[in-house]
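To find a chain, count down the sequence lines: A is the first, B the second, and so on, and within it residues start at 1. Predicted model only: the values in this text are computed from it and were never measured.
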2 protein chains.
Amino acid sequence: MELKKILEDKSKESWEIYLPNLSIDCVVFGFHDATLKVLVLKMKDSLVWSLPGGYVLKEESINDAASRILKVRTGADDIYLQQFRIFGNLNRSEDFFKDYPDTLWHKQRFVSIGFYALVDFSKVIPKVDELSTNCEWKSIEELPEFMMDHRFIFDKALATLRKQLVHKPIGYNLLQEKFTMPELQKLYEIILGKKLNRGNFYRKMLRYDILNKLDETRKGGAHKAPDLYSFSIEKYRKALKNGLNENW
Amino acid sequence: MELKKILEDKSKESWEIYLPNLSIDCVVFGFHDATLKVLVLKMKDSLVWSLPGGYVLKEESINDAASRILKVRTGADDIYLQQFRIFGNLNRSEDFFKDYPDTLWHKQRFVSIGFYALVDFSKVIPKVDELSTNCEWKSIEELPEFMMDHRFIFDKALATLRKQLVHKPIGYNLLQEKFTMPELQKLYEIILGKKLNRGNFYRKMLRYDILNKLDETRKGGAHKAPDLYSFSIEKYRKALKNGLNENW
DNA sequence: TTAATATTGCTTCATAATGAAGCAATAACT
DNA sequence: AGTTATTGCTTCATTATGAAGCAATATTAA
C-alpha cells in the first residue's frame with residue numbers, strides 16, 4: 001500500500017490515542033567492527049532517510065514511550081536511553097507533508113523529544129514496519145541524507161555523547177560484555193573525534209580502576225591476541241558520579 | 001480575584017492560543033552575596049511555591065517561548081537559557097487541580113520542558129502577575145516547599161549545572177561583568193558542592209587564560225581589597241569547546 | 001597614629017598525572 | 001622457523017595538582 005493511504009488511515013486512530021504535537025526521535029548508537037553505527041530507516045516512497053521515532057500515548061510517560069518505540073524497532077528490551085534535547089522550532093515537518101490534508105495527524109506542528117540510545121549491536125535486529133521499506137545500521141562516517149531536521153538531531157546526539165563520556169556509562173552500554181583495550185580505545189576515539197595515544201590510554205583506563213581483566217584473550221585476529229576485559233559496573237558507576245576525568 | 005476564577009477565565013483563551021499538553025518550567029539562577037539564588041513564586045491561595053513557567057504559543061518556537069516567559073517575570077532581555085530535561089511522567093499536576101473542572105486548560109496532562117536560566121542578579125526585578133502573590137529570590141540553601149514536582153525539577157537543574165560547569169559559560173552568565181577571584185571561587189564551590197583550595201583555584205583559573213585582570217580592586221570590604229577580573233569571552237568560549245578540565 | 005586582623009596574591013615543594021617514545025612478547029601468516 | 005603487525009607495559013621528561021605558607025594590604029580597633 002502506498003504511504004499516503006497508510007498515513008491517512010493511521011491518522012484517524014492517532015488523534016484518539018496519542019498526545020498531540022509531541023513526538024519522539026531516537027538516535028540509536030551501536031558499535032561494531034571498530035565503527036560507530038546509527039540505526040536509520042527509510043519510509044515508503046521516500047528518497048531520504050529518517051531516525052526511528054514515534055508518538056506518546058495519552059496515558060504513558062515519556063520514557064515509557066521511547067522504550068516502547070525502540071522495542072518495536074530493535075526487538076530489544078532494557079535499552080539504555082537518554083533524552084538529550086527538545087527540537088521545537090516551527091516548520092520542522094511542514095515541507096515533508098505539504099501535499100497532505102491539514103487534518104492529517106502527521107501534519108501538525110510537532111515538538112520532538114530527542115533521545116539517544118546505546119545498544120549492544122549484536123543484540124539488535126532492525127525491523128521495518130508498514131511505513132518503511134528499510135531499517136538498517138549505517139556507519140556515522142557514511143550517513144545518508146536525512147529528512148527534515150534529522151541530520152541536525154543526529155549531530156546534537158553525537159555532541160551530547162562526547163560531552164557525557166565522563167558522566168554516563170557509555171562504554172558499558174555500547175560494548176559487548178567482554179571487550180579488548182584496543183576496542184575500548186577505538187570507541188573513545190570515535191566519540192571524541194580524535195586519535196589517542198595507545199600507551200597513555202591503557203595506563204589511564206587501568207588507573208580509573210573500573211575494568212576487570214579476564215583470564216582470556218581474543219584469539220582469531222592476526223597478530224598478538226589482546227586481553228579481554230569487562231567493566232566492574234559498581235566501580236564504573238561510582239567513578240562516573242564525579243566524572244571520570246574531572247579534578248577540581 | 002480568587003485563583004479559581006482567574007484560571008477558569010484564562011482557560012478559555014489558552015485553548016485557542018497555546019499548544020496543548022506542553023508547558024515550560026524555568027529554574028532561574030542568580031548569584032548574590034556569595035549565595036546562589038533561585039527565582040520562585042507563590043500562586044494566589046497556595047501554601048507552596050512554584051517555579052516560573054508558562055506555555056508555548058501555537059506559532060512560537062520553544063526557545064522563544066522560554067524567553068518570553070522569563071522576560072515577563074524578570075524584566076530582562078537576552079537571558080542565558082538552556083533546556084536541560086523533559087519532565088513527562090503521568091500525574092504531574094493531577095492533584096494540584098483536582099477540584100477544577102476537567103475542561104480547565106491547566107488540568108490537562110502536561111509534558112514540561114525544563115529550562116535553566118542564568119542571570120545577572122542585579123539586572124532582574126522579580127514581577128508578580130495576576131496569578132501570583134509573591135515573586136522573589138530564595139537561597140538554594142533555604143528553599144521553600146514546592147508544588148508538584150518543582151523541587152525535583154530544581155534538583156535536576158542544579159545537577160545539570162554541575163555537570164556543565166566545564167562546557168557552558170556558567171560563570172560568565174551568573175557573575176557581574178567585573179568580579180573578584182574569591183567570588184568566582186565561591187560560585188564554583190556552591191555549584192560543585194564542595195570547598196576548593198584557594199591557591200590552587202587561583203593558579204588553575206589563571207592557567208586557563210580566560211580572565212582579564214583589571215587595574216581595579218574591590219574596595220569597601222574589610223581586609224585586603226581583591227583584584228577585579230572580567231572574562232575574556234572569546235578565550236572563554238574557545239576553552240569551553242574542549243571542556244575546561246578535560247584532558248584526553 | 002599605630003597595631004591588630006583577616007583576607008588576598010602568589011610562590012614553593014613534594015607528589016601525581018600526562019605526553020612521547022620504545023622494548024619485549026606473541027598470534028597468525030609465510 | 002622467520003616475518004609482521006599488534007599488544008602489554010615501562011621509562012623519562014614535562015606538566016599539573018595538593019598542601020602549605022609568606023608577604024602585602026584594606027579595614028577596624030586601640
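Between the C1' atom of D:dT10 and the CZ atom of A:Phe201 lies a distance of 18 Å, rounded to the nearest Å. One interatomic measurement links the two molecules: CG of B:Asn197 to P of C:dT11, which rounds to 15 Å at whole-angstrom precision. One interatomic measurement links the two molecules: NZ of A:Lys195 to C1' of C:dA20, which rounds to 16 Å at whole-angstrom precision. The distance between atom CG of B:Leu196 and atom P of D:dT17, rounded to the nearest whole Å, is 12 Å. In this structure, CD of B:Glu183 is placed 11 Å from P of C:dG9, rounded to the nearest angstrom. For the pair B:Met205 CE and C:dG9 C1', the computed distance is 16 Å after rounding to whole Å. A straight line from NZ of B:Lys186 to P of C:dT8 spans 11 Å, rounded to a whole angstrom. Atom CZ in A:Arg207 sits about 13 Å away from atom C1' in C:dT15, given to the nearest Å.
Each of C:dA20, C:dG9, D:dT17 was ranked by its minimum atom distance to the side chain of A:Arg203; first place goes to C:dA20.
Heavy-atom minimum distance, B:Asn200 versus B:Arg203: OD1-NH2, 3.1 Å.
Of the two residues contacting DNA chain C, namely B:Leu228 and A:Asn245, the nearest-nucleotide position lying further toward the 5' end is that of B:Leu228.
Using modelled atom types and a 3.5 Å distance limit, the side chains of B:Asp129 and B:Ser132 yield a donor-acceptor pair. Between the side chains of A:Tyr208 and A:Asn245, at least one donor N or O sits under 3.5 Å from an acceptor N or O.
The neighbour count for B:Lys204 NZ, taken as heavy atoms of other residues, nucleotides or ligands under 6.0 Å away, is above 12. A:Glu177 CD: 12 or fewer foreign heavy atoms inside a 6.0 Å radius.
Residues that satisfy the side chain to side chain contact (heavy atoms under 4.5 Å, CB included) test with B:Asp209, not counting sequence neighbours, are B:Lys235. Partners of A:Phe121 by ring-ring contact (aromatic ring centres under 6.0 Å, His included), not counting sequence neighbours, listed by chain and number: A:His32, A:Trp137.
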Review point. What one-letter contact string describes nucleotides 21-30 of chain D from 5' to 3', where B marks a base within less than 4.0 Å of any protein heavy atom, S marks contact via sugar-phosphate atoms alone, and - marks no contact?
Key: B--BBBS---
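Between A:Lys204 and C:dA17 there is no side-chain polar atom (N or O) within less than 4.0 angstrom of OP1 or OP2.
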